[in-house]
Amino acid sequence: MRPPRHITPAALLLPFALLLAGCGGSSRAAGAGGGTGSGTDGKGSLTLNVGDQKGGSETLLRAAGELDNLPYKIKWSTFTSGPPLLEAVNAGAVDIGAVGNTPPVFAAAAKSKIKVIAGAHSRSDGEAILVKKDSPLKSPAQLKGKSIAVAQGSSANYQLVASLKKAGLSPKDVTLNYLQPADALAAFTRGKVDAWAVWDPYTSQALDQADARVLTTGQGLVNGLSFQVAAPAALDDKKKAAALKDYTARLRRAQNWVFKHPDDWAKAWAEETGLPQKVALDAVKRTRGTAVTVAVDKAAVASEQQIVDTFAKLKLIPRTFDFGEFVDPRFNGDLPPSGTAPRTYGKGR
């Protein structure tokens, strides 16, 4: 059901105010330390402090029944995006949190105390460059000289750079408008920009509500990875390390549940975030439900290193560095390689 035409573009994104980029972005959460508390689960003397984003790990685990019979406590703190969550990990306020493929690059560039301990590989159809349905643009090569909205330092920023490169262009060949999603949607809807580089669930929402169409996606261009990032101090604590291993195993089982129950997950996700259920289900089938839990292996490190080197060259981060120094592979176990193909819901997804 489409919203009335009098609803403003910014209002369309209000349900997503707390979904700003496991993929990147600069919004900060309210509250001390950048996070807002949202309760505790489990029992026992050990408490695992988990950083989350709205509609993220807590909602996922609860919907899948994986918060039942916890032998330790989980204290949840909610953040608006990956960067402030990783600031909390660096400060020792959070033991672990889930983020996309780009926030760890920025955190590591700032020499934060973080360790990537688990990964997931999803399809990248939701990483898209969008244009209006009536736009004359038919291919990325036609973006030369055009204006594009994108959140600086986000995964969409990297996807845009990669798409331009494949088309024989560079960021210098276009006009970049660095805007967060609410402002970008407003600019896109009003025709102030020619294209918008963004990620799900914004992609699904724009296709459903903003007369958008996909010019190109990140499929085959970006790594489709997301990560669980832990505090080194938590990993050095034997009891917390054991809890972290159990926690990541629960996330793996929950992700398997999501693929088998896309409608149930879309309903839970929509209720938690305010997303329209159709948009939520579209995003689940396009990207969120396709994730496969994978090892943080040499291939994953090499793929992230490409992002490091690209952003360093563009001077979006202050230095280049070895991404492998910020990885702890102890929980890889029998997880499949990071290049394992994501799941799919069939044609058109």
Side-chain angles (χ1 to χ4, degrees), residues 19-25 81-82 99-106 119-131 137-143 146 148-171 173-174 176 178-179 181 184-185 188 193-207 212-227 282-292 294 299-300 302-311 313-314 316 338-345 347-349:
L19 281 173
L20 279 178
C23 302
S81 62
V99 297
N101 66 357
T102 306
V105 169
F106 281 79
H121 187 205
S122 308
R123 289 188 60 83
S124 298
D125 302 275
E127 295 272 354
I129 298 176
L130 304 176
V131 295
L137 301 178
K138 302 298 181 183
S139 72
Q142 294 176 310
L143 289 170
K146 304 300 182 180
I148 307 170
V150 64
Q152 186 171 19
S154 67
S155 61
N157 198 166
Y158 181 73
Q159 185 261 328
L160 173 59
V161 171
S163 295
L164 291 174
K165 183 177 180 180
K166 184 179 180 181
L169 303 175
S170 78
D173 293 314
V174 299
L176 297 180
Y178 288 124
L179 301 171
L185 177 61
F188 179 78
V193 295
D194 299 300
W196 180 20
V198 71
W199 59 89
D200 254 336
Y202 301 112
T203 297
S204 294
Q205 189 196 28
L207 292 174
R213 65 175 169 85
V214 174
L215 183 69
T216 189
T217 75
Q219 194 62 32
L221 287 179
V222 299
N223 62 24
L225 294 174
S226 58
F227 299 110
D282 286 347
V284 168
K285 291 189 173 182
R286 185 175 285 111
T287 52
R288 190 75 178 261
T290 69
V292 176
V294 295
S303 183
E304 287 293 294
Q305 191 65 48
Q306 290 183 343
I307 300 177
V308 170
D309 296 340
T310 297
F311 280 134
K313 186 176 180 180
L314 294 173
L316 288 174
S338 61
T340 299
R343 298 162 170 131
T344 178
Y345 289 94
K347 291 183 179 181
R349 296 293 180 191

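The first residue in the sequence is number 1, and the count goes up from there.
- To the nearest 0.5 Å, atoms CZ (Phe188) and CD1 (Ile148) are separated by 11.5 Å.
- To the nearest 0.5 Å, atom CG of residue Leu164 and atom CG of residue Leu143 are 6.5 Å apart.
- A distance-only check finds no donor-acceptor pair linking the side chain of Thr287 to the backbone of Gly126 [under 3.5 Å].
- The side chain to side chain donor-acceptor pair (under 3.5 Å) contacts involving residues 212-225 comprise Asn101-Asn223, Asn223-Ser303, Asn223-Glu304, where partners must be two or more places apart or lie in separate chains.
- A pairwise comparison of heavy atoms in Ala156 and Val150 identifies C-CG2, 3.8 Å as the closest pair.
- When all heavy atoms of Ser338 and His121 are compared, the pair lying nearest together is O-ND1, 3.4 Å.
- Trp196 is not listed as a side-chain neighbour of Leu179, based on a closest heavy-atom distance of 4.5 Å or more.
- The line from CG of Leu316 to OG1 of Thr102 is 10.5 Å long, rounded to the nearest 0.5 Å.
- With sequence neighbours left out, the side-chain contact (heavy atoms from CB on, under 4.5 Å) criterion links Ser170 to Lys172, Asp173.
- Between atom CG of residue Asp194 and atom CD1 of residue Ile129 there is a gap of 12.0 Å, rounded to the nearest 0.5 Å.
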Next item on the list: Go through the steps to decide whether Ser163 and Gln159 satisfy the test side-chain hydrogen bond (donor to acceptor under 3.5 Å, both in side chains), and finish with yes or no.
Entry: CA-CA 6 Å; Ser163 295; Gln159 185 261 328; 2.9 Å; yes

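- Taking all atoms of both residues into account, the shortest heavy-atom contact from Asn157 to Gln152 is OD1-CA, 3.5 Å.
- Rounding to the nearest 0.5 angstrom, the gap separating the CG atom in Leu221 from the CD atom in Glu127 is 10.5 Å.
- Applying the ring-ring contact (aromatic ring centres under 6.0 Å, His included) test to Phe227 and every residue at least two apart in sequence or in another chain returns nothing.
- Side-chain N/O atoms of Ser204 and Arg286 include a donor and acceptor closer than 3.5 Å.
- Under the 4.5 Å side-chain criterion, counting only non-hydrogen atoms from C-beta, Ile307 is not in contact with Val222.
- Taking all atoms of both residues into account, the shortest heavy-atom contact from Leu160 to Ala197 is CB-CB, 4.1 Å.
- Under the 4.5 Å side-chain criterion, counting only non-hydrogen atoms from C-beta, Gln305 is in contact with Val308.
- Gly224 and Ser124 get closest at one heavy-atom pair: CA-OG, 3.5 Å.
- Two residues are said to be in side-chain contact when any heavy atoms from C-beta on lie closer than 4.5 Å; Pro171 and Leu314 meet this criterion.
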Next item on the list: Apply side chain to side chain contact (heavy atoms under 4.5 Å, CB included) to Leu215 and Leu130, showing your working.
Entry: CA-CA 5 Å; Leu215 183 69; Leu130 304 176; over 6 Å; no

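- With rounding to the nearest 0.5 angstrom, the CG atom of Asp125 is 10.0 Å from the OG1 atom of Thr203.
- Contact annotation: the side chain of Tyr202 never approaches that of Leu185 to less than 4.5 Å [non-hydrogen atoms, C-beta and beyond].
- When all heavy atoms are compared, the tightest approach of Ala184 to Ala149 is CB-CB, 3.9 Å.
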